[in-house]
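These notes concern the structure reproduced below.
All chains are named by letter (A, B, ...) in the order of the sequence lines, taking the proteins before the strands, and each is independently numbered beginning at 1. Here the structure is a predicted model, which is why all the values come from computation and not from measurement.
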There are 2 protein chains.
Amino acid sequence: MTHDPDSDRAAVSVTVDLVIFTVRDDELQVLLVERGKAPYLGQLALPGGHLRGKETLDDAALRELKEETGVDGAHLHLEQLRTYSDPQRDPRGRVITAAYLALGSNLPVPVAGTDAREAYWMPVGTALHDHMLAFDHASILGDALERARSKLEYTTVATAFCRELFTVTDLRRVYEVIWGSALDPSNFRRKITRADGFLEPTGQRRIPATGRPASLYRKGPPHLLMPPFLRSYNGTLEQGAQVA
Amino acid sequence: MTHDPDSDRAAVSVTVDLVIFTVRDDELQVLLVERGKAPYLGQLALPGGHLRGKETLDDAALRELKEETGVDGAHLHLEQLRTYSDPQRDPRGRVITAAYLALGSNLPVPVAGTDAREAYWMPVGTALHDHMLAFDHASILGDALERARSKLEYTTVATAFCRELFTVTDLRRVYEVIWGSALDPSNFRRKITRADGFLEPTGQRRIPATGRPASLYRKGPPHLLMPPFLRSYNGTLEQGAQVA
DNA sequence: TCAAAAGTGTTCTACTTACACCCATGC
DNA sequence: GCATGGGTGTAAGTAGAACACTTTTGA
């Protein structure tokens, strides 16, 4: 916010990139678009676009989300992830990008975007392989994945991946898919049904193909999980980016 | 990162603002500068400056930190907090700012900055009162405070507030000052001396004015605290910014 | 009656909490 | 000695992990 008239201020373009996660086919998938022009022509990239004159980054993220998925943002979780600013990240010039993380359920198979790009859902593991993504998007995607994983520990956002009505088992599958590990059904049920405000009972039930019907719940308001629901102890992992 | 040649791209200036925290006089204090020009002439603000052509935001944050405190960043913790982008946040025009959080110990009383601004350490509680800060800096400072508080739960960054050599009680005071609540000395000691890699014993001791000498430790490498060291249960607080 | 999934109960262990108590130093 | 802070021990309560067991449905 200050004040050095003699410094060489960068002429900067600002974009917003979206990491849109959903759970499909028992996998965590991310929405990617095929680039229609250079650089990285034909390669896959995160959806995104330029910040406009009168909007906040949040506005821009919501607008891009709507353009790419047709979803209006009311029923999904959207949060700012981090801003990426390597001067070399875009060969065309100085472009910094604010990355956003969006978590949703039941997101539509995307239609062609505004400039006729093809968009696809792809498993996150696949997208992270082999320099498949343009720019620094693999790095952004990696950060988003870690953020999603840890948010599942400390908050109730996992419900953002579920439909309007869902069972405890539906929610457990979200955790299992995103954490990549199996959870004990009994302990999971106890934990989250006790956590105040995580689930709202509806009294309705869902009859499965086979087996006992399951109670259906609605998501409660998003909040912190207290106590948190920790992944199994991995040892020592650095949390968050540190500069120095 | 994309691709709408016809959109009205914003002409944006990019700055970096620093929330530099230190513990002085048993209080959490933040470094503020007195603005030397309009807008908000004479008011207090977070130190910061414009992003330059060939640097990352991290580089810019380190540079500003050095300019404001003379500290070279090697001995403190620095991380990106969030980017603030309200179109009205700066009356001069479109300026978005990437806020950084810096945690340090024993930071010097700042000298006059490059453009002869006065800089002060001020208790965070005081700085948050009464619209004292320029721009949206009170909001940034509030976010930084919450980030610092929660990082103390999940990581070992609290040692960033301590000098080279410190006692368990020194570290406990950091937690008490930042969380604003008293902690049981016995349980605190057990918890953090067990946490692998939090503290490195030095074999040295410090003789206090009165009482038994205390063992001196050095900080271990920063990492996640597992299991975390949770603040006492506050109920339901929203963690992190959510857009929709 | 059987398979399958939902849901409950039980035991063991580990961690938190609260607090009593001992230790090492200066005065 | 005694005051002061450093440091250890311990018992009660709570939460997680593992897993046996019961319930409810369709076939």
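By the neighbour-count criterion of 12 heavy atoms within 6.0 Å, atom CZ of Arg163(A) is sparsely surrounded, having that number or fewer from other residues, nucleotides or ligands.
As rounded to whole Å, 12 Å separates atom P of dC15(C) from atom CG of Leu230(A). The nearest whole Å value for the distance from the CG atom in Leu183(B) to the P atom in dC19(C) is 15 Å. Residue Asp170(A) contributes atom CG, which lies 12 Å from atom C1' of dA6(C) at whole-angstrom precision. Whole-Å rounding puts the Asn187(A) CG to dT10(C) P distance at 15 Å.
Base contact: Ser186(B) has a heavy atom under 4.0 Å from a base atom. Using a 4.0 Å heavy-atom cutoff across all strands shown, Pro213(B) reaches sugar-phosphate atoms only and no base atom. As judged by a 4.0 angstrom heavy-atom cut-off over every strand, Ser215(B) is placed among residues touching the sugar-phosphate backbone only.
Note on Lys219(B) versus Glu164(B): no salt bridge recorded, every NZ/NE/NH1/NH2 to OD/OE distance being 4.0 Å or above.
Between Glu118(B) and Val33(B), the closest side-chain pair of non-hydrogen atoms is not below 4.5 Å.
In the 5' to 3' direction, nucleotides of DNA chain D lying under 4.0 Å from heavy atoms of chain B begin and end at dT4(D) to dT10(D).
Applying side chain to side chain contact (heavy atoms under 4.5 Å, CB included) to His223(A) and the options Asp196(A), Val157(A), Thr156(A) leaves one that passes, Thr156(A). Of the listed residues (Leu133(B), Val30(B), Leu141(B)), just one forms a side chain to side chain contact (heavy atoms under 4.5 Å, CB included) with Leu128(B), and that residue is Leu141(B).
Projected onto DNA chain D by closest heavy-atom contact, Arg194(A) and Thr210(A) fall at different nucleotides, the more 5' of which corresponds to Arg194(A). Of the two residues near DNA chain C, Asp184(A) and Ala214(A), the one whose nearest nucleotide lies more 5' is Ala214(A). Along DNA chain D, the nucleotide nearest to Gly211(A) and the one nearest to Arg190(A) differ in position, and the one closer to the 5' end is contacted by Arg190(A).
In the model, Tyr84(B) has no side-chain atom that pairs as donor or acceptor with a side-chain atom of Asp17(B) under 3.5 Å.
Among dA18(C), dA6(C), dG7(C), the nucleotide with an atom closest to any side-chain atom of Arg189(A) is dG7(C). In the set dA20(C), dT8(C), dA24(C), dA24(C) carries the atom at the smallest distance from any side-chain atom of Arg205(B).
Counting atom types as modelled, Arg212(A) pairs a side-chain N or O with a base atom of dA6(C) as donor and acceptor under 3.5 Å.
Close to dT16(C), at under 4.0 Å from its OP1 or OP2, lies a side-chain N or O of Lys191(B).
Ring geometry for His137(A) versus Phe135(A): interplanar angle of 30 to 60°, hence tilted.
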